[in-house]
Amino acid sequence: MLYLYNTLARAKQPFRPLHEGHVGMYVCGPTVYGDAHLGHARPAITFDILFRYLTNIGYKVRYVRNITDVGHLEHDADEGEDKIAKKARLEQLEPMEVVQFFTNRYHHDMEALNVLPPSIEPHASGHIIEQIAFVQKILDKGYAYVSNGSIYMDVERYAQDFPYGKLSGRNLEDIVTDTRELDGQDEKRHSYDFALWKKAAPEHIMHWPAVFRYSDNGEIRELHSEGFPGWHMECSAMGTKYLGEEFDIHGGGMDLMFPHHEAEIAQSCAALGHDTVRYWLHNNMITIAGKKMGKSYNNFITLRQFFSGDHHLLSKAFAPMTIRFFILMAHYRSTVDFSSEALEAAEKGYQRMSEAYARLQKLNPAATSTEEVHAVVAELRTRCTEAMDDDLNTPIVISHLFDSSRVINNLADGKATISAEDLSELRAVWQQFAIDILGLQLDTNGGQQTATGGNTAAFNGAIDLLLGIRLEAKRNKDWATSDRIRNALTDLGFTVKDTKDGFEWSI
RNA sequence: GGUCGGUUGCCCGAGUGGUUAGGGAUCGGUCUGCAAAACCGGGGACAGCAGUUCGAAUCUGCUACCGACCUCCA
């Protein structure tokens, strides 16, 4: 039975989907006005794991992850530029060019991390009509008001009928006293009200025409407003459009809990009269030197910089799988502190796991299993399942895989034997948990890069041939030839390891 | 200031009222023509104080320190 930590309940709860056999899941995606950084990889990977696991245990999952391409205002003020427009002006591009550029790069980075594409990836800009309709519903229900051409959520009115703040554990009084003074709040009745629709200032590039009906002292009026949706609106509109008025899971970063997700709940309850989301899941932040990695601190390192090593805090380039493994070594609800050393440690661990996987593929079965081997194999699947069922405890899954790596290494060393039955179970468990669920791209060559280009087979064959000759030389105690081959290969960047009756190599 | 969370060995990082997390580093050993790898073993921990308990890193209280959110943020 899968248990998930539901932020609404502040507790792990057994996961029971609304419709048997099906799961609807919505996750807040990126705002595409810059390259994805390490922090963006966290929710992408976390919910990729959930997507994979749910699928793996037999659910049909509809996974929706949005692209925010309507730039929200940089400051919650009446005037000012949105983030995408600003980027577009700086780069002298159309806003949609900026959006397309970074969306493409986001996809590329996610693919490198082996993050599966979601079932639906809706763009906010493509759902303006749905968002306008959603705002209209809230107006109709009397939970919103018109002010100077914009429409705001009437949070006080809403709080009379629904518990505002239940997700983040706030109440209205706290928010009243604690909300900071911000500029340009004169249109709002209260500082905690938030925009559902903003009239566009003249210099605002991205805007759409909309007509709303609203009641003004009992008189029905029309509001014609050239503007754009408030920044919480797209998730309410697109989530319910593709997953229904009620669906199972909503995910995102902890920093979105308030105000974004709280506002989403308010919008949905106001429009529909009931809650939309059953399980709210939040991943924790990645920190750097103890501080949250984020745009506002300007302390982020982009995924591309990790892949190229082009950043002063990085000792070298790191493969995408190292990043993925690093993130999976910590539980998703814990902060994980980035450092180059921690990443290097993860890299070596991943290497070790990769090598074990490669050896596993080459093992030969014996008549029976050694006692310890059988004991580990017999328990492995259950243990990994229990770890995943316990709120996606990937570090524990990894630790079990490492335990079984020790067994695999013993087998490869000829220090133990494994029956055909156990061997096929062991391979099946690795396939399921390491490859399918954790999404690690372990390969049969110890995780190292092999030749680039299309001639991998020929290349591998040539190296195998060379090392075969060396093996012969070794058998003839011709150390000169043997060392010559190994040294030459080492100089070319290969690593050669002798095994009991053969060799392993990587580059 | 309010709300919430954290403090685990040299480092990263799980965890639960009593039983080895795991990885990296390090030290010793086995194996090996040499090397690498692998394997075996060692040391090293639960911020501090007090309490509950037969027993607490795990529960409670207090203290200290750190962080997140309250503004765009994954």
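This is a predicted model, so every value here is computed, not measured. Labels below follow one simple rule: chain letters A, B, ... track the order of the sequence lines, proteins then strands, and each chain is numbered from 1.
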Using a cut-off of strictly less than 4.0 Å, decide whether [X] has a side-chain nitrogen or oxygen near OP1 or OP2 of [N].
{"X": "A:Arg406", "N": "B:G23", "result": "yes"}
{"X": "A:Arg352", "N": "B:G23", "result": "yes"}
{"X": "A:Trp231", "N": "B:C72", "result": "yes"}
{"X": "A:Asn409", "N": "B:C39", "result": "yes"}

At under 4.0 Å between heavy atoms, what does [X] touch on the DNA or RNA strands: base, sugar-phosphate, or nothing?
{"X": "A:Lys292", "answer": "base"}
{"X": "A:Asp403", "answer": "sugar-phosphate"}
{"X": "A:His37", "answer": "base"}
{"X": "A:Ser482", "answer": "base"}
{"X": "A:Val336", "answer": "sugar-phosphate"}
{"X": "A:Leu38", "answer": "nothing"}
{"X": "A:Met285", "answer": "base"}
{"X": "A:Met353", "answer": "nothing"}
{"X": "A:Lys477", "answer": "nothing"}

[X]-[Y] aromatic ring centre distance below 6.0 Å:
{"X": "A:His204", "Y": "A:His207", "answer": "no"}
{"X": "A:His250", "Y": "A:Tyr279", "answer": "no"}
{"X": "A:Tyr158", "Y": "A:Tyr192", "answer": "no"}

Handout entry: Between B:G22 (P) and A:His400 (NE2): distance, integer Å
Key = 10 Å
Exercise for the section: Can you tell me the pairing partner of B:G44 across any strand shown, Watson-Crick or G-U wobble, with both distances under 3.5 angstrom? Expected result: none
Handout entry: Opposite nucleotide pairing with B:C54, Watson-Crick or G-U, both atom distances under 3.5 Å
Key = B:G18
Handout entry: Within 6.0 angstrom of A:Lys477 NZ, more than 12 heavy atoms from elsewhere
Key = no
Exercise for the section: Say whether A:Ser340 and A:Ser315, considering side chains only, have a donor N or O and an acceptor N or O under 3.5 Å apart. Expected result: yes
Choosing from [options], which nucleotide comes nearest the side chain of [X]?
{"X": "A:Ser334", "options": "B:C4, B:A14, B:C72", "value": "B:A14"}
{"X": "A:His331", "options": "B:A38, B:A14, B:G33", "value": "B:A14"}
{"X": "A:Arg359", "options": "B:C73, B:G24, B:A38", "value": "B:A38"}

Exercise for the section: Ignoring hydrogens and angles, answer whether the base of B:G15 and the side-chain atoms of A:Asn393 contain a donor-acceptor pair closer than 3.5 Å. Expected result: no
